[in-house]
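One structure coming up, written as structure tokens, with questions to follow.
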Protein chains: 2
Amino acid sequence: MKKAELKQTECAARLAAVEDAMYVLGGKWKLRIITAVVSGYHRFNELQRAITGISARVLSAELKSLELNELVRREVKADLTPVVVEYLPTEYGMTVKEVVSVLGNWGLKHKKRITGKSAALIAKED
Amino acid sequence: MKKAELKQTECAARLAAVEDAMYVLGGKWKLRIITAVVSGYHRFNELQRAITGISARVLSAELKSLELNELVRREVKADLTPVVVEYLPTEYGMTVKEVVSVLGNWGLKHKKRITGKSAALIAKED
DNA sequence: CTGGATCCACTAAGATACTG
DNA sequence: CAGTATCTTAGTGGATCCAG
């Protein structure tokens, strides 16, 4: 395999990794939910109130996904009624902070660059 | 405004910035296209061949979006037939490299962590 | 060759109602 | 309280044909 081909392969692998990350963290709600959990909202209905606009259905699905990826931890506090369920942050979940930070910084810079210059962020009413 | 409220505001602003970034870079194709352009594919059909699976419609739309955000530059080489159009990387487009890098690293680590442990990246056949 | 136009399929997500 | 079930809607992307 030649050098150029190696480069191609590396590049594809990087892209695949990026897509994995997007798959786990992307979408409309995942980061919001992680943030909320980290911020101290632990109960289901608490989260639904904190995250304006999310439906129970979606919140439920997203929490399951985050739990599978070990970004939050689900803990049943009692098996008597009323059942108390808590979603707690994991130490691993904290590792997304760096990602969020870099992404956020770029987004901020980009907005400054583009705002007023054109309608680039158009159709995404700020 | 109290300290806690300030924190909330900051947090919301960060999230908004992250979402802006996601909006500009996210989706199925944007990063792929940027990568392809940076890698030396400049013509429309060249890009379509390089990016396996993309349709002309989507490529066209994505390129417009990227151009609006100044991540690629569209240049018409001749106004005679056959018209030659080139999509070129901008220096600004290079600033996404850091983002891609961080995202990619996290994605890679995450895959290693999760693979085999569960079906977490499930339904996303690798 | 470079796309625009049209039509269609798929999926994410909203609304609402309901169960243990 | 903590979800699930069902229905519906909106956005995204694919396929195909067509025009400059």
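A, B, ... follow the sequence lines: proteins, then strands. Residue 1 opens every chain.
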**Asked** Given C/dG3, is OP1 or OP2 found less than 4.0 Å from the side-chain N or O atoms of B/Arg74?
**Response**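 Yes, B/Arg74 has a side-chain N/O under 4.0 Å of OP1/OP2 on C/dG3.
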
**Asked** How does each nucleotide of nucleotides 13-20 of chain C score, in 5' to 3' order, for protein heavy atoms under 4.0 Å: base (B), sugar-phosphate only (S), or none (-)?
**Response** BBB-----

**Qualifying residue for side chain to side chain donor-acceptor pair (under 3.5 Å) with B/Tyr87, from B/Glu75, B/Arg74, B/Glu67** =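 With B/Tyr87 as partner, side chain to side chain donor-acceptor pair (under 3.5 Å) holds for just one option, B/Arg74.
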
**Pairs where residues 49-78 of chain B contributes a residue and the test ring-ring contact (aromatic ring centres under 6.0 Å, His included) is met, not counting sequence neighbours** =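 As it turns out, there is no ring-ring contact (aromatic ring centres under 6.0 Å, His included) pair with a partner in residues 49-78 of chain B once direct neighbours are skipped.
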
**Message:** Does C/dT2 have OP1 or OP2 under 4.0 Å away from a side-chain N or O of B/Asn45?
**Reply:**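 Answer is yes, contact under 4.0 Å.
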
**Request:** Can you tell me the distance, in whole Å, between the CD1 atom of B/Ile33 and the C1' atom of C/dT2?
**Result:**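 It is 15 Å, rounded to the nearest whole Å.
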
**Request:** Would you mind classifying the nucleic acid contact of A/Lys64 as base, sugar-phosphate or nothing, using non-hydrogen atoms under 4.0 angstrom?
**Result:**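 Touches sugar-phosphate only.
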
**Request:** Starting at CD of B/Glu86, measure out to CD of B/Glu46 and round the result to the nearest 0.5 Å.
**Result:**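 It comes to 8.0 Å.
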
**Prompt:** Between atom NZ in B/Lys30 and atom P in D/dG13, what is the gap in whole Å?
**Reply:**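 Rounded to whole Å, this separation is 7 Å.
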
**Asked** What is the distance, rounded to the nearest whole Å, between atom CZ of B/Arg32 and atom C1' of D/dG13?
**Response**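 B/Arg32 atom CZ is separated from D/dG13 atom C1' by 14 Å.
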
**Request:** Could you state the atom-to-atom distance from NE2 of B/His42 to P of C/dT2 in whole Å?
**Result:**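 Rounded to the whole Å, the gap is 13 Å.
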
**Request:** Measure the distance from CG on B/Leu59 to P on D/dT12 and round it to the nearest whole Å.
**Result:**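 After rounding, the reported distance stands at 17 Å.
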
**Request:** Figure out the CD/C1' separation between B/Glu86 and C/dT2, and round it to whole Å.
**Result:**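 In whole Å, C/dT2 C1' lies 13 Å from B/Glu86 CD.
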
**Request:** Quickly, which of B/Lys109, B/His110, B/Arg113 forms a side chain to side chain donor-acceptor pair (under 3.5 Å) with A/Tyr92? Name it, please.
**Result:**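 Only one option passes, and that is B/His110.
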
**Prompt:** Do the side chains of B/His42 and B/Leu88 get nearer than 4.5 Å, heavy atoms only?
**Reply:**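 Side-chain contact under 4.5 Å: yes.
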
**Message:** Without decimals, in angstroms, what is the distance between B/Leu63 CG and C/dC1 P?
**Reply:**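 From B/Leu63 CG to C/dC1 P: 16 Å.
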
**Request:** Would you indicate, yes or no, if D/dG3 has its OP1 or OP2 atom less than 4.0 angstrom from a side-chain nitrogen or oxygen of A/Tyr87?
**Result:**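 True: A/Tyr87 side-chain N/O within range (under 4.0 Å) of D/dG3 OP1/OP2.
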
**Message:** For A/Leu31, is there any backbone N or O sitting under 3.5 Å from a side-chain donor or acceptor partner on A/Thr35?
**Reply:**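 Checking the backbone N and O of A/Leu31 against the side chain of A/Thr35, a donor-acceptor pair under 3.5 Å is found.
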
**Prompt:** Can you name the side chain to side chain donor-acceptor pair (under 3.5 Å) partners of A/Thr95, sequence neighbours left out?
**Reply:**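 Per chain and number, A/Thr95 pairs via side chain to side chain donor-acceptor pair (under 3.5 Å) with B/Trp106.
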
**Prompt:** C/dG3 P sits how many Å from B/Leu66 CG, rounded?
**Reply:**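 Nearest whole value for this atom pair: 13 Å.
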
**Message:** Quick check on D/dA2: is either OP1 or OP2 less than 4.0 Å from any side-chain nitrogen or oxygen of A/Arg43?
**Reply:**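 For D/dA2, OP1 or OP2 has a side-chain N or O of A/Arg43 closer than 4.0 Å.
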
